[in-house]
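Count residues from 1 along the sequence. Since we're looking at a predicted model, the values are computed, not measured.
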Amino acid sequence: MTTFGGMFVSLEISKYPLTEDYIAHVLAFIDRLGGHPELEVITNPMSTHIYGPLDVAFPVVQRAIAESFAGPAAAALVLKVLPGDVRDL
């Protein structure tokens with residue numbers, strides 16, 4: 001797959017479900033992000049980091065957000081996008 005101008009991106013996503021059983025909703029969201037061979041997904045207690053080509057990462061994230069927002073629990077989501085691989089900084 002060709003990347004958009006060869007652009008690699010680093011994404012940081014934090015999801016805040018507005019429900020008492022928030023952990024299940026966060027874990028389901030993270031599961032939706034995984035499994036793509038061109039993306040690296042790393043989690044920590046505060047956020048999820050995704051590294052990979054822009055034209056691969058954005059559709060995966062878009063689908064995960066749409067599926068999450070279609071669910072029963074309302075949620076806030078914070079997304080940071082940086083060009084390049086911030087792990088190299």
Open item on the list: Can you tell me how far apart CZ (Arg63) and CZ (Phe58) are? Round to the nearest 0.5 Å.
Closed with: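 Arg63 CZ to Phe58 CZ: 14.5 Å, rounded to 0.5 Å.
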Task: Nearest-0.5 Å distance that lies between atom CG in Leu33 and atom CD1 in Ile42 - done: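 Leu33 CG to Ile42 CD1: 13.0 Å, rounded to 0.5 Å.
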Open item on the list: If you define the side chain from C-beta out and look only at heavy atoms, does anything of Ile23 sit under 4.5 Å from His25?
Closed with: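 They are not in contact (no side-chain heavy atoms under 4.5 Å apart), so the answer is no.
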Connected via hydrophobic side-chain network under 4.5 Å: [X] and [Y]:
X: Leu27; Y: Tyr22; answer: yes
X: Val61; Y: Phe69; answer: yes
X: Ile65; Y: Ile30; answer: no

TODO: For residues Val26 and Lys15, report the shortest heavy-atom separation together with the two atoms involved.
DONE: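 Nearest pair, atom of Val26 first, then Lys15: CG2-O, 3.9 Å.
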Using a 3.5 Å cut-off and no angle test, enumerate the donor-acceptor pairs between side-chain atoms of residues 78-86 and protein atoms at least two apart in sequence or in another chain.
unit_1 : atom_1 : unit_2 : atom_2 : d
Asp85  : OD1    : Arg87  : N      : 3.0
Asp85  : OD1    : Arg87  : NE     : 2.8
Asp85  : OD2    : Arg87  : NE     : 3.4
Asp85  : OD2    : Arg87  : NH2    : 2.8

Open item on the list: Applying salt bridge (Lys or Arg N to Asp or Glu O under 4.0 Å) as the test, list every pair that has at least one member in residues 20-36; sequence neighbours left out.
Closed with: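 Those involving residues 20-36 are Arg32-Glu67.
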Would you give me the side-chain donor-acceptor pairs under 3.5 Å for residues 46-54, sequence neighbours excluded?
unit_1 : atom_1 : unit_2 : atom_2 : d
Ser47  : OG     : Glu12  : OE2    : 3.0
Ser47  : OG     : His49  : NE2    : 3.3
His49  : NE2    : Asn44  : ND2    : 3.2

